[in-house]
Amino acid sequence: MTSTAPLQDSGSPNLSPDASHAAAAGQDHAEHGDFRLFGLATFLVADGMTFAGFFAAYLTFRAVNPLQEGSTYELELLLPTINTVVLIISSFTFHRAGKECRGGNLGASRLWLAITGALGAIFLAGQMVEYFSLPFSLTDNLFASTFYALTGFHGLHVTLGVICIAIVALQTRRGGRISASDHFGLEAAELYWHFVDGIWVVLYGILYLL
Amino acid sequence: MTLANPSDFNGSLQPQGWLRYFSFSLDHKVIGLQYLVCGFLFYLVGGALAGAIRTELATPLSDFMPRDTYNEVLTLHGTVMIFLWIVPVVNGAFGNYLIPFYVGARDMAFPRLNAVAFWLIPPAGILLISSYFIAGAAAQSGWTAYPPLSLTTPAAGQVVWILSVLLLGGSSIFGGINFIATILKLRRPGLKLMQLPMYCWAMLGTSILVVLSTPVLAGTLILLSFDIIAHTGFFNPSLGGNVVVYQHLFWFYSHPAVYIMVLPAFGLVSEILPVHARKPLFGYTTMVYSIMAIVFLGLIVWAHHMFTSGTPPWMRLFFTIATSFIAVPTGIKFFNWLATLWGGKIALNSAMLFSCAFIVNFVFGGITGVALAQVPFDIHVHDTYFVVGHFHYIVYGGTVFVIFSSLYHWYPKFTGRLLNEDLGRLHFLLTFIGFNLCFAPQHWLGLNGMPRRVAEYDPTFTTLNQVSSVGALLMAISTIPLLINVVVTALNGKPAGDNPWNALTPEWLTSSPPPVENWIGEAPLVTEPYGYGQHHGQPQEVKA
Amino acid sequence: MPIRTALAVLAATTALVLTGLWVGNNVNMLPLDASSNAPTYDALFKVLFSIGTMLFLGIVILLVYSMFRFRRRAGDFSDGLAIEGNLPLEIVWTAIPAVVVLFVGIYSYDIYERMGGMVALNDHSAMDHMAMDHSVQQAQAPGRVWGGIGAAGMDAAPSGPVLPVEVTAMQFAFIFHYPDAQITSGELHVPTGQQVELHMEARDVIHAFWVPQFRLKQDVIPGQPTVLSFTATKAGTYPIVCAELCGPYHGGMRSNVVVHEPEAYDAWLQQNSPIRTTT
Ligand code: HEA
Ligand code: HEA
Ligand code: CUA
Ligand SMILES: [Cu+2]
C-alpha cells in the first residue's frame, strides 16, 4: 500500500525550487546533527582496515619470511614504552578537554587541548629520536621496511591529529567556531585522536612486544 | 561533513542548464548523471581497447601491435572497465540518483563529499590513460599488478597506474561512506529499514564491502609503490620479500570488488522486474538476508584466485568450500526473481529484455564460477580463457546488461522522454548475440590450452578466436543504435509523462525530470514499494 | 497441487536430469588425457558439467516459459497476483543449492586428495623418504617447499622410484635439469608410468607451469620453491605453457613435454647423459 504523509522537516509546502531545497537540506542536517560524526566513524573503520592490512602483512612476513643473518626483530623498548604511555595519557587529557567544553569552560578546555597537543608533539619527537637511533634504515631488510611503513603511516596520523588539535584549540577562543553547544570540530578531533591512540596500542603490541 | 550552504543552490552562483553537468554541483541527481555519462565515455575507451585486443587475437601471430603494447592495452582495458565504468556507474550513477529518493531525502547525507568523490574520477581516468603518452609506457602487468613483474616493467607507467587507482579507490570510499550514512541516517521519518526498496539494501551491502576492503587495496598499492620508488623489498623476493603476500592483500580487496560490481546490479534488477511484471518482488526478507550473506561470504573467499600460488592445502580447502557456498544466497535471489516473473503481466520491452538476459548470462557465469571454486578444477583452468569467459559472462552479461536495462528503465526519469523501443530492441539483439558469440567460445579455448594475457597463440585455436572477435565487432556495432537512441530521444523523443511505467517506488511519485528538491512539498512515505496487484489501498488476500 | 501438475513437474525434472547427464557424459570439451591425474579430473568435469547443464537449462527454460506464458496481452493493464513470498518454496530453493554445493565440494575434495594436493610438502619424514636415493635432493631438503602438488595418493603409479627434475623458469623459458643423469634440457622428457616430481623455482618473476593434457598447473615463484608431481600415462608430445603473465614474451614462453615409453626414455637418457647411468 502506498500512502503519503507529510514529511516532518519540510516547513512550508510551496517553497520555490531553489530556496526550498536549501531549506530542506539545511533542516535535514539540523535534525540529524550526528551525521558527520557517523561519517567520520565510518571513515575511521576504513582507515582502520588500511592498518589491518599492514598488520596482516607484517605478521605474515614475520611468520614465514626468515630475515637474513644478523638481523633481528628485537627492538629497544624503553623509548617506545614511554611514548605509549604519553599517547595513552593524551587520550585522557583530550577526554577532559571535551568535558570542559561541553560544560561551558572553554578556557579550561583550551588548556587541556594544549596539553594534549603537546603530548602528541612529544610522541612525535620521541618517534624521531627512535628513528635516528635505530641500527637499520628503510631498505635494510623486510622487517626494517615494514617497521618504517607501519610507524611512519601511524606517525602521519599523529601529525594530522596534532594539527587538528591546534586548529580546534584556536577555535575555542571567543568568537571561534566552537562553543559549549556547538562543538562538532572538537568531538571529531577527539574521536580521531582516540582512534589513532588505539591503533598505536595494537601497533606497539605486535611490533615491539611480540 | 559540510552543511549544504544555501547559496550553493542559488541560481546565480551555480550554472544552470546543461552547464551544471560540468560544475561542482551538489545536487545528487546532477552528480548521478555526471557519473553515468563520464562512466559511459570510459566504457567507449575500454571498449576500444577491447577492440584492439580482439583484433590482435584474430590471428595467432603477434602482428597487430608490439607485445608490450598488448600488455599495456589489456592492463588498461581491465582497469578502465572495472574502476572507471562498472564501479562508478552501477554504484555512483544509479546510487546517487536513486538512493535519496528511496530514503525520502532531498539529497545525500554529505553533498559536498559526494561532489568531491565524483570529481576525483575524471582526473584519475585521464591520468591513467595518458600514462601511455606522458610516462612513455603505461602499466603492463595486468590489472592485478602482481609483483615482481610490476616491479620490473617500466616504473613510471606503473606508478601512474597506482596513483590513479588510489584516487579511484578514494572516490569509492567517499561514496561508500555517503551511502551508508544516507541509508541508515537520512531516512524519512516513519520509513523503516525493511520497507526500503531492494536497491537500498544492495547499496548498503556494497558500501560495507567498499569501506572494509578498498582501504586494504590502498595500503597494498602504497607498499607496492615503495618497492618501485624507494626500493624496499616488501614484495621483492630478491630483497627477502614475499610475492604471495601481495596476492593475498590484493584479492582481499579484489574479490569483494566483484560483489561491489554486481550487488548494485542485483538491486537494480530487483527494482526493474516487479515494475514490468506488475507483481510484488518475491521474498523481500530472504532477499535482504541473502545480500548480507553475500557480503559476509564475499569477505572470506579471496584466496580462490590463488589456488596455484603455492597456498597451503588447508587454505585451498577452506576457500573452496566458502566460495561454493556463495551460490546459495545468490541462488535464492535468482529463484526469487523467477518467482517474481511467474504469474505476472510481463511487458517485454527493452528494459525487461536486458534484465531477463542478465538472468541467463549471470547464471551461466555463476555456474562456471562455482566450477572454478573447486580446487582441482581450477588448477587446470586458472589463468586461461576459461576464466576470461567466466568473468565476462558476469561483468558484461551481468552488470553491463543491467546497466543497459536500467538506462531504458530510468531514462524517462532522467529526461522526461521515452527511449525508442525499436532501436532498443535492436540494441538488445545485437548485444546479446555479439556477447555470446564473443565469450562463449572462450570457455572451450581455456579448457583446451589457451592461456590468458597472450598476444600469440597456438594456430589450432584460430577459428574460435575469430568467432570471438566477430562477436566483439557485433558488440561494438551494438553501441551505435544505443548512441543514436540516446541522442535522438534527448532531442525529440516521445514525452514520457511523470510515471510512464506506473511504478510505485518513490522516484516515480514526482515529476520527470524531478525538481531540484526532488518533491515539491512533502516527500511521500512509501512503505510498500512493491505493492502491485493491491491497488488503491485495498490489499488483496495474499495466497501463498 | 493437482496431480496433473505434479506429474508434469516430475516429468520435466526427469527430462532435465537425463539431459544433463547425457550432456555431461557425451559432450567432450577437454583435450587428450595423458596423466594418471587426468581421468580423475575428467570425472569431476563430467559431474560439474552435468549439474551445471541441469541448473542452467532448468532456469533458462523456466525464464523463457514465463516470458511467453505470462507476457502482457495487448490492452491488458491490470496487475499480476500480489504474491509476496512463500516460505516452503524458499526453503526448498535454499536447500537444493546447499546440498548440491556440499556434494560438489566434498567430491572435489576427494579428487584433490587423490591428485596429491593434500600431501604435506614439508613433512620431513616424507621428504627423507622421497629423497632416499637422490643425494642432490638431500642437499635441497632443508629448503622449504611452499606449495604445490605432492606425490599422489591412491591412483598414483605403484611404488616405483620417483624421477626428480629441477625446473627453472625465467623470462622467457623453462630449463629442466635431471640431477641424477646430469642432463640439462629445454624440453621435458619423461617416461610413462613413473612418478615425476618437478622441483620448481623462478629466477625473475612469477611463471606458471601448465600441461593441458595433464590437467596440472603450478605457479613457479621466485623465492618460494614449489613442487609438482605427476605420472604420465600416454606417450606423445604435449605443450608446456607458461600461464602467468611474465612480460612481453609471456605468450611465447612455451616448451614441450615428450612422454616416452620407458625403453625409449632410457635410450634418450643414455644418449644425452654425460655420465653413463644404468637403470
Ligand atoms: C561481478 C563480478 C564477478 C562475480 C559476481 C563473480 C562471481 C563468482 N566468481 Fe568470479 N571472477 C570475476 C568476477 C566475478 N565473479 C573476475 C573479474 C575474475 C578474474 C579476476 C582475474 O584474475 O583477473 C573472477 C575469477 C574467479 C575465480 C578465480 C579463477 C582463477 O583465476 O583461477 C573463481 C574461483 O573460485 C571465481 C568464482 C566465482 C564464484 C563462485 C562466484 C559466485 O558469486 C557466483 C554465484 C552465482 C551462481 C552460482 C548462479 C546463481 C545460483 C543459482 C542459480 C543456484 C544454483 C547453483 C548452484 C548450486 C551451483 N571467480
Ligand atoms: C569489468 C568490465 C569489463 C568489460 C565490460 C569488458 C568488456 C570486454 N572485454 Fe574485457 N576484461 C576485463 C573486464 C571487462 N571487459 C578485465 C578485468 C580483464 C582482465 C585484464 C587483465 O588480464 O589484467 C579483461 C580482459 C579481456 C580479454 C583478455 C585479454 C587477455 O587476457 O589477453 C579479452 C579478450 O577477448 C577481453 C575482451 C572484451 C571485450 C571484447 C569486451 C566487450 O564487451 C567490449 C564491448 C564494447 C565496445 C566494443 C565499445 C564499442 C565502442 C567503440 C568501439 C567506439 C570506439 C570509441 C572510441 C574510438 C572513442 N577482455
Ligand atoms: Cu613465463 Cu608467462
Ligand atoms: Cu573472486
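FYI, side chains are in, hydrogens and waters are out, and symmetry mates aren't considered; it's all heavy atoms of this structure. Because the structure is predicted, anything quoted here is derived from the model rather than measured. Naming convention: chains lettered A, B, ... in sequence-line order (proteins, then strands); numbering from 1 in each chain.
- Here CG of L223(B) is found 9.5 Å from OG of S145(A). Values are rounded to the nearest 0.5 Å.
- Among all heavy-atom pairs drawn from A57(A) and L249(B), the shortest one is CB-CD1, 3.9 Å.
- T139(A) and A230(B) make their closest contact through CG2-O, 3.2 Å (heavy atoms, listed as atom of the first residue, atom of the second, distance).
- What you find for G39(A) and I177(B) is that their closest heavy atoms are O-CG2, 3.7 Å.
- Neither the backbone nor the side chain of Y530(B) comes within contact range of chain A, judged by heavy atoms closer than 4.5 Å.
- At a 4.5 Å heavy-atom cutoff, F179(B) makes no contact with chain A through either its backbone or its side chain.
- Summarising the local packing, CZ of F226(B) is surrounded by 12 or fewer heavy atoms from other residues, nucleotides or ligands at distances under 6.0 Å.
- Contacts with chain B were tallied for A56(A), G53(A), A46(A), A52(A); A46(A) has the most, counting heavy-atom pairs under 4.5 Å.
- Within the 4.5 angstrom heavy-atom criterion, only side-chain atoms of L184(B), from C-beta onward, approach chain A.
- Looking at I173(B), the atoms closer than 4.5 Å to chain A (heavy atoms on both sides) all sit in the side chain, from C-beta outward.
- Residue contact with chain A, scored on non-hydrogen atoms closer than 4.5 Å, involves the side chain of V245(B) exclusively.
- With hydrogens and angles disregarded, no donor-acceptor distance shorter than 3.5 Å links the side chain of N141(A) to the backbone of G240(B).
- Taking every heavy atom of both residues into account, A149(A) and F234(B) meet most closely at CB-CZ, 3.9 Å.
- In this structure, the portion of T60(A) lying under 4.5 Å from any heavy atom of chain B is its side chain and not its backbone.
- To the nearest 0.5 Å, atom CG of residue D140(A) and atom CG of residue L239(B) are 11.0 Å apart.
- Residue V216(B) comes nearest to M49(A) through the heavy atom pair CG2-O, 3.5 Å, listed as atom of the first residue, atom of the second, then distance.
- Once rounded to the nearest 0.5 Å, the distance linking CG of N65(A) with CG of N242(B) reads 4.5 Å.
- Between F35(A) and A109(B), the closest heavy-atom pair is CE2-CB, 3.9 Å.
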